[in-house]
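Step one of this worksheet: look at the structure below.
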Amino acid sequence: MIEHPDGTHTPVIDASVHIFAASNKDLRSFLREPFKSRGFPDYEMDWYGAPGGEYAPGTEGPQRGYPGSDPDVVAQHLFAERGVDVAVLHPMTRGVMPDRHLGSAIAAAHNEILVSRWLDHAEHGERFRGTIRVNPDDIAGALREIDRWKKHPRMVQIGIPLQSRELFGKPQFWPLWEAAVDAGLPVAAHIEVGTGIAAAPTPSGNTRTYEQYVSFMACNYIYHLMNMIAEGVFERMPGLKFVWSDGAADLLTPFIWRMDCFGRPHLEQTPWAPEMPSDYLPGHVFFVQGEMDGPGDTDFAGEWFGFTGKEDMVMYGSSYPHWQRNELKVPSAFSAEQRDKLCWLNASELYGIEVPAVPARVGAH
């Protein structure tokens, strides 16, 4: 929990904590042949490493394991030092593989690590929640992985890479989204690490620098979301919930306004999606917000947060152990209700996470 100057407290759910295997050797110990001896990329994205280092100092394990690979270190940093009550873990895998079976095997190995080391951890497991990583290029393999882990009491979502060779509204993905609905789990799209075979980060090709990459890459959710709306995915699957885990909720308002403006006169072209595009957002679309998103601590931050219903869609996420380690900075213009929604309430309702509820004082900021 975080304490405010007026003496009130607010619970904190960190909706985006990145976890890793300790090393390539460690990951291989969870793989089986014929994949255990195969080659695959490291976690790093060779073209776009952060200039100051990809990870925050001190996030390695006691044996110099990969940052974010030791549950005790992560628990100390998040629970003891940063006031987080519950952390939603998102295993980082290795990019989009040319061999879909290898990609599925790598995702399955990360799920085994997630469960055995984190969710079932004797001391900290109750405060961790998990993401079932699946490979959208292998629908049959993804369905098997969902079926394997969907009943684990601490699994709260299904994870896919934001990078994709096809837009997520297309029919080949529908069995995966239907399985998510059947399991009662949201789908979280997160930028994948590693150097796979994904398309360029922008429609115009590869960016020149890391700064350009980190500015533009998260925007790819827009293409997926607009396609899902136009293809009638949310109309077809009323129970589907999608989490865009890399921020950029600040772009939702202008793009959905444009989609409403241009889409309204042409709804006859999409009879399978008869509502206004913006009508498909509530209850279906969610975002993890980091420190770089939005207008910052301005006097209009609360008004901006309310546009397009973003205040009901956005959840705080630290991106730990990556270099930014987003601090939880609630704009002073937020109402107490908006603060609670960002810090814990939206995540609590989406994931079914119970945390000690502290009523917000009416009129408090």
Side-chain angles (χ1 to χ4, degrees), residues 15 136 156-158 160 162 164 166-190 218-289 293-295 300-316 334-335 337-338 340-342 345-352:
V156 296
Q157 65 185 359
I158 295 163
I160 59 173
L162 180 67
S164 173
E166 296 285 351
L167 292 168
F168 289 149
K170 293 191 173 182
Q172 64 260 40
F173 296 115
W174 292 359
L176 181 52
W177 312 150
E178 289 168 348
V181 174
D182 290 342
L185 297 174
V187 178
H190 197 292
C219 303
N220 280 287
Y221 88 82
I222 292 171
Y223 311 122
H224 287 301
L225 176 59
M226 295 173 75
N227 177 250
M228 293 176 76
I229 292 172
E231 293 280 5
V233 172
F234 298 119
E235 178 75 23
R236 180 186 180 92
M237 305 172 207
L240 180 62
K241 301 178 187 298
F242 237 82
V243 181
W244 306 103
S245 300
D246 288 286
D250 42 6
L251 294 177
L252 177 67
T253 294
F255 275 93
I256 205 68
W257 282 354
R258 290 178 65 85
M259 198 172 183
D260 277 356
C261 178
F262 292 111
R264 176 73 267 178
H266 302 292
L267 288 180
E268 75 281 355
Q269 297 182 16
T270 56
W272 45 83
E275 306 298 329
M276 288 287 284
S278 58
D279 290 339
Y280 291 108
L281 298 178
H284 291 295
V285 177
F286 301 85
F287 295 86
V288 175
Q289 176 156 308
D293 300 315
F300 58 86
E303 181 182 13
W304 170 89
F305 200 49
F307 285 161
T308 330
K310 289 192 296 290
E311 61 191 7
D312 295 317
M313 305 177 194
V314 172
M315 306 175 287
Y316 163 70
F334 274 22
S335 67
E337 182 180 16
Q338 288 178 323
D340 285 351
K341 287 181 177 182
L342 172 66
L345 187 56
N346 288 343
S348 174
E349 293 177 349
L350 176 64
Y351 296 127

Give me the atom names and distance for the closest heavy-atom approach of Pro295 to Ala301. CG-CA, 4.2 Å

Tell me whether Gln338 contacts the main-chain N or O of Ser335 through its side chain, where contact means a donor paired with an acceptor under 3.5 Å. yes

Tell me every residue that passes side chain to side chain contact (heavy atoms under 4.5 Å, CB included) with His224, counting only those two or more places apart in sequence or in another chain. Leu162, Ser164, Leu167, Phe168, Trp244

Are the side chain of Asp340 and the backbone of Leu345 linked by a donor-acceptor contact shorter than 3.5 Å? no

Evaluate the criterion side chain to side chain contact (heavy atoms under 4.5 Å, CB included) for residue pair Asp246 and Asn220; output intermediate values, then yes/no. CA-CA 10 Å; Asp246 288 286; Asn220 280 287; over 6 Å; no

Do Arg236 and Glu231 sit within salt-bridge range, that is, some charged N less than 4.0 Å from a carboxylate O? no

Flag the pair Leu176 / Val187 as yes when at least one side-chain heavy-atom distance between them is below 4.5 Å, and no otherwise. no

With no hydrogens and no angle check, just 3.5 Å: does a side-chain donor-acceptor pair link Tyr351 and Gln157? yes

Below 4.5 Å, heavy atoms only, C-beta onward: do Leu251 and Tyr221 meet side chain to side chain? yes

Between CZ of Phe173 and CG of Asn227, what distance do you get to the nearest 0.5 Å? 9.5 Å

Side chains of Asn346 and Glu311 in contact at under 4.5 Å (non-hydrogen atoms): no

Nearest heavy-atom neighbours spanning Val243 and Pro186: CG2-CB, 4.2 Å

If I take atom CD1 from residue Ile229 and atom CD from residue Glu275, how far apart are they, to the nearest 0.5 angstrom? 12.0 Å

Mind checking whether Asp312 and Pro282 have side chains closer than 4.5 Å, heavy atoms only? no

Please report the closest heavy-atom contact between Ala230 and Met259, naming both atoms and the distance. N-CE, 4.2 Å

Under 3.5 Å, is there a donor-acceptor pair between the Gln289 and Tyr316 side chains? no

The reported gap from CE in Met313 to CG in Leu342 (rounded to nearest 0.5 angstrom) is 14.0 Å

So, do Leu225 and Leu281 sit near enough that their side-chain heavy atoms are less than 4.5 Å apart? yes

Between OG on residue Ser278 and CG on residue Asp260, distance to nearest 0.5 Å: 3.5 Å

The criterion is side chain to side chain contact (heavy atoms under 4.5 Å, CB included); which residues satisfy it with Lys310, sequence neighbours excluded? Ala249, Leu252, Thr253, Trp304, Phe307, Thr308, Val314

So Phe255 and Met226, side chain to side chain contact (heavy atoms under 4.5 Å, CB included) or not? Walk me through it. CA-CA 9 Å; Phe255 275 93; Met226 295 173 75; 4.3 Å; yes

Measure the shortest side-chain to side-chain distance between Lys241 and Phe286 over non-hydrogen atoms and say whether it is less than 4.5 angstrom. yes

Single hit among Phe242, Phe234, Trp177 for ring-ring contact (aromatic ring centres under 6.0 Å, His included) with His284: Phe234

List the steps, then state whether side chain to side chain contact (heavy atoms under 4.5 Å, CB included) holds for Tyr280 with Met228. CA-CA 10 Å; Tyr280 291 108; Met228 293 176 76; over 6 Å; no

Just grab all the salt bridge (charged side-chain N to carboxylate O under 4.0 Å, His left out) pairs involving residues 249-258, residues at least two apart or on different chains. none

